[in-house]
2 protein chains.
Amino acid sequence: MVRVRLQDVAARAGVSVKTVSNVVNGYRHVAPDTRARVQLVLDEMGYRPNLAARNLRAGRTGVIALALPDLDNPYFAELTGSVVRAAEKHGLTVLVDQTEGLRDRELEVVEGFRNHLIDGLVMSPMALRAKDLTGRAAVDIPVVLLGEKFGAGAVDHVAIDNVAAAEAATAHLVALGRTRIAVVGDQPGSRRRSGVAHLRRQGWERALTAAGLDVDERLVAPVPAFDRQHGAAAVAALLDDGARPDALFCFNDTLAIGALRLLADRGIDVPGDVAVIGIDDVAEGRFAVPTLSTVAPDKAGIARTAVAMLAERLDPASEQRPPRDVRAGFELVARESTLGRSASAVSAVRAAAAVPPPRGTAR
Amino acid sequence: MVRVRLQDVAARAGVSVKTVSNVVNGYRHVAPDTRARVQLVLDEMGYRPNLAARNLRAGRTGVIALALPDLDNPYFAELTGSVVRAAEKHGLTVLVDQTEGLRDRELEVVEGFRNHLIDGLVMSPMALRAKDLTGRAAVDIPVVLLGEKFGAGAVDHVAIDNVAAAEAATAHLVALGRTRIAVVGDQPGSRRRSGVAHLRRQGWERALTAAGLDVDERLVAPVPAFDRQHGAAAVAALLDDGARPDALFCFNDTLAIGALRLLADRGIDVPGDVAVIGIDDVAEGRFAVPTLSTVAPDKAGIARTAVAMLAERLDPASEQRPPRDVRAGFELVARESTLGRSASAVSAVRAAAAVPPPRGTAR
DNA sequence: GCCAGGGTTTACAACGATGGAAACGACCGG
DNA sequence: CCGGTCGTTTCCATCGTTGTAAACCCTGGC
């Protein structure tokens with residue numbers, strides 16, 4: 001209940017503060033009986049090191065921040081869980097920042113308003129621009145970007161190959177004989193060529209072209225945000241506009257869930273009338289009715305890789321290598337929303353891309 | 001990129017370290033021109049205070065921990081989002097701990113292995129016992145418990161009235177004419193009388209009794225954990241045992257989602273054959289097919305209250321009051337899984353309980 | 001011209017922990 | 001018996017910031 005300092009323990013044990021410190025830190029040269037006596041007093045008094053002081057001294061805190069748009073999005077929630085678990089293995093703890101995808105909030109994070117409180121940053125940017133990371137006020141700590149990427153590789157980056165993932169999803173629909181494949185989730189406002197929406201759209205186009213199908217702009221449904229609500233609204237708009245899709249490729253599972261819901265409202269059979277596929281493989285999709293086909297990124301791998309890369313840069317012993325750009329693996333998981341009731345969660349395609357664990361990765 | 005200390009700024013500006021500190025902190029007695037000159041240098045050099053040092057000095061960190069079982073559970077994910085937002089308004093940031101519901105991990109958190117790194121703790125305990133909070137090694141920081149409660153009120157506690165919530169859910173099913181109402185989510189292993197499962201079961205029994213219905217043990221489906229998987233499994237077991245429920249009261253939405261999925265597998269119509277209701281009002285349920293009826297706790301209110309109570313205890317100016325036990329409000333939200341397609345998300349019942357915002361609540 | 005009184009600035013000492021070097025003692029070999 | 005060595009312990013300085021109190025400077029009144 002009371003705070004106990006090294007000094008208090010030292011006084012009671014009749015030794016110097018440093019000796020107690022040595023015992024606490026398992027320093028080698030401490031006489032066995034001294035160690036035992038000090039340890040006894042430590043336990044008795046319930047000593048806990050003051051991490052603030054330790055951090056000041058050491059110049060590191062053992063805390064990393066995870067900045068992402070929104071925990072309400074199940075993909076980010078699941079990813080956060082994985083990051084927290086991965087960080088644990090490196091002795092790091094995670095501080096969560098919700099940026100709401102707002103540029104100001106993202107800038108704040110990057111400009112280090114948590115200065116010297118965090119050792120590193122894992123961030124899933126939405127609105128940041130390249131120069132934001134290089135400006136004079138910018139980060140002085142290692143950063144790993146997830147998903148979205150921008151500018152030349154100034155920092156580490158982990159993501160699946162979005163174009164390939166989207167292509168795989170679309171190709172799956174094509175293979176099922178669908179010809180009017182709509183996309184849900186375009187973000188035409190965003191000029192960002194590296195944006196997730198842009199890349200996934202690119203994959204869709206590529207798959208269509210490969211299959212000899214036309215790219216029909218009327219089959220492109222834009223959304224203001226990647227959530228269930230807007231997924232449903234976008235599909236409603238699509239249908240009301242008279243586009244008659246026989247399949248929907250949604251840019252993420254959350255949009256797809258919204259789509260499934262709207263199709264149910266309209267009495268449209270999935271996959272009979274319209275097949276649906278998403279990306280992310282959130283747990284929700286595995287239990288949806290019908291179960292949702294999806295492209296499953298290796299979330300645990302992404303988290304592990306991101307944290308490992310950060311940990312490596314935090315380690316003063318390891319020489320600094322240039323920023324890396326890691327492609328995480330993904331896997332097409334076909335379920336009822338494309339295969340129908342006969343589906344038994346077949347892994348149809350396995351992504352070739354592997355996650356090369358960075359050197360020094362724990363486990 | 002380089003670290004800049006007050007000293008560096010002071011040297012360049014030709015003033016003392018303290019004067020720079022005064023400028024940074026907006027101390028009143030600084031000559032306007034001095035202030036201007038120092039400010040210029042501050043901006044030029046991109047000074048950022050070292051929070052570790054500040055914390056050491058101030059004895060507070062501005063960080064609180066949120067300890068909960070698992071972010072994969074959407075209820076906790078949504079709650080975390082709310083807590084982070086609420087904390088922000090008090091100038092606090094949130095560090096997330098996943099305990100997996102394990103006693104050891106929860107103990108670790110409570111015994112302050114983040115000592116002096118966090119100012120307070122919001123925790124959703126699963127396995128902790130009363131004495132764990134009072135033991136000698138226990139917390140020396142303010143704690144607010146969410147949901148589960150135990151022992152005499154040694155710390156603050158925020159939760160809905162679980163018995164009343166369960167009673168409302170069950171009563172809703174009764175009002176629809178259901179007579180064989182099963183519960184999904186019992187945890188008979190847990191002797192804890194204050195446990196969530198125990199309380200919700202109590203509410204179920206109470207509603208049945210009030211309606212003159214029997215409490216049939218064969219309609220009680222236990223689960224090892226509150227997730228979709230086990231929700232589905234429990235309902236499967238229930239059906240296979242020959243219990244013929246016409247309604248399911250699931251102890252949370254995640255179990256209910258699993259239940260819906262299994263009922264779909266078996267071709268059982270919801271709510272025609274079996275009505276389903278849960279507790280939590282996770283976003284997922286609002287888009288499920290059919291949409292899930294539920295008891296909606298005031299999540300934002302719970303988060304705000306918990307953080308406000310913590311903030312109040314952190315404020316040395318406010319006198320310390322005895323631990324409080326706050327009842328958060330809840331609301332019955334009837335949707336398709338009980339009302340059928342005609343449902344348009346009617347709020348049938350509004351909980352009487354209000355959330356009395358603690359004194360000093362922000363906003 | 002001196003002193004009081006105000007605003008402004010500075011020197012100093014913490015906050016609690018730890019790295020490094022110095023001090024201490026015991027043991028050993030010459 | 002002394003110097004050297006090694007293991008153990010202590011002293012000192014330091015991490016970057018800020019509260020306290022004292023020093024400083026200027027103005028205005030007597």
Side-chain angles (χ1 to χ4, degrees), chain A residues 2-39 41-42 45-62 112-119 140-141 316-317, chain B residues 2-39 41-42 45-62 112-119 140-141 316-317:
Chain A
V2 282
R3 66 206 167 88
V4 179
R5 300 162 302 158
L6 283 183
Q7 201 175 53
D8 304 320
V9 177
R12 184 103 92 96
V15 294
S16 79
V17 173
K18 189 65 210 299
T19 297
V20 182
S21 169
N22 286 338
V23 171
V24 171
N25 294 291
Y27 179 67
R28 180 175 297 118
H29 298 304
V30 177
D33 57 334
T34 309
R35 162 163 283 133
R37 193 172 72 252
V38 171
Q39 189 60 57
V41 179
L42 279 171
M45 304 184 73
Y47 170 78
R48 307 274 157 185
N50 181 327
L51 296 186
R54 233 184 219 180
N55 296 341
L56 174 59
R57 191 76 239 275
R60 333 185 5 176
T61 66
F113 79 115
R114 297 255 189 286
N115 224 276
H116 294 276
L117 203 144
I118 57 173
D119 293 340
D140 55 353
I141 53 172
Chain B
V2 282
R3 67 206 166 89
V4 179
R5 300 162 303 157
L6 284 182
Q7 200 175 53
D8 303 321
V9 178
R12 183 104 93 97
V15 294
S16 79
V17 173
K18 189 65 212 296
T19 296
V20 182
S21 168
N22 286 338
V23 172
V24 171
N25 295 291
Y27 179 67
R28 181 176 294 120
H29 299 303
V30 177
D33 57 333
T34 309
R35 161 164 281 132
R37 193 172 73 253
V38 171
Q39 188 60 57
V41 179
L42 280 171
M45 304 185 72
Y47 171 78
R48 307 272 159 187
N50 181 326
L51 297 185
R54 225 179 226 186
N55 296 341
L56 173 59
R57 192 76 238 273
R60 336 184 0 174
T61 65
F113 80 115
R114 297 256 188 285
N115 225 275
H116 294 277
L117 203 149
I118 58 173
D119 293 339
D140 54 353
I141 54 173

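Just so it is clear: chains get the letters A, B, ... in the order the sequence lines come, proteins before strands, and each one is counted from 1. These numbers were taken from a predicted model, which means no experiment stands behind them.
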**Report entry** Spacing between B:H29 atom NE2 and D:dA22 atom P, to the nearest angstrom
**Finding:** 17 Å
Query raised in the report: To the nearest Å, how far apart are B:D8 CG and D:dG16 C1'?
Result: 10 Å
Query raised in the report: Taking the side chain of A:R5 as heavy atoms from C-beta outward, which of D:dG16, C:dA17, D:dT9 is closest to it?
Result: C:dA17
Query raised in the report: Over how many whole Å does the gap from B:R60 atom CZ to C:dG16 atom C1' extend?
Result: 18 Å
Requested in this report: Would you please confirm or rule out a distance under 4.0 Å between OP1 or OP2 of C:dA17 and any side-chain N or O of A:Y47?
Outcome: yes
Report task. Would you please confirm or rule out a distance under 4.0 Å between OP1 or OP2 of C:dT8 and any side-chain N or O of B:T19? Result -> no
Query raised in the report: Looking for any heavy atom pair under 4.0 Å, which part of the strands does A:N25 touch: base, sugar-phosphate only, or nothing?
Result: sugar-phosphate
Query - Whole-Å distance separating the CG atom of A:L117 from the C1' atom of D:dG16 - result: 14 Å
**Report entry** A:A53 side chain, from C-beta outward: closest of C:dT10, C:dG16, C:dT8
**Finding:** C:dG16
Query raised in the report: Where each residue is assigned the nucleotide of DNA chain C containing its nearest heavy atom, which of B:A58 and B:G14 is assigned the position nearer the 5′ end?
Result: B:G14
Query - Atom-to-atom span, CG of A:N55 to C1' of D:dT17 - whole angstrom - result: 15 Å
Requested in this report: Test for a donor-acceptor pair under 3.5 Å between the base of D:dT14 and the side chain of A:R57, counting only N and O atoms.
Outcome: yes
Query - Closest to side chain of A:S16, choosing from D:dC11, D:dT17, C:dT9 - result: D:dC11
Query raised in the report: Closest nucleotide of DNA chain C for A:A52 versus for B:A31: which of these residues is on the 5' side?
Result: B:A31
Report task. Starting from the 5' end of DNA chain D, give me the residue, B:L56 or B:K18, whose nearest nucleotide shows up first. Result -> B:L56
Report task. Please work out if B:R54 contacts a base, only the sugar-phosphate, or nothing of the nucleic acid, heavy-atom cut-off 4.0 Å. Result -> sugar-phosphate
**Report entry** Between D:dC15 (C1') and B:R48 (CZ): distance, integer Å
**Finding:** 21 Å
Query - Criterion side-chain contact (heavy atoms from CB on, under 4.5 Å) against A:V30, the qualifying member of A:V20, A:V15, A:N25, A:V23 - result: A:V23
Report summary line: B:Y27 OH to D:dT17 C1', in whole Å, measures 16 Å
Report summary line: Between CZ of A:R28 and C1' of D:dT8 the distance, given in whole Å, is 13 Å
Report summary line: Residue pair B:N22/A:V17 against DNA chain D: nearer the 5' end by closest nucleotide is A:V17
Query raised in the report: Between B:T61 and B:N55, is there a donor-acceptor pair closer than 3.5 Å when you use the side chain of the first and the backbone of the second?
Result: no
Report summary line: All heavy atoms of A:V38 vs all of A:A13, minimum pair found to be CG2-CB, 4.3 Å
Report task. Could you tell me the separation between the CG atom of B:L56 and the CZ atom of A:R54, rounded to the nearest 0.5 Å? Result -> 13.5 Å
Query raised in the report: Once you round to the nearest 0.5 Å, how far does OG1 of A:T19 lie from CZ of A:R37?
Result: 9.0 Å
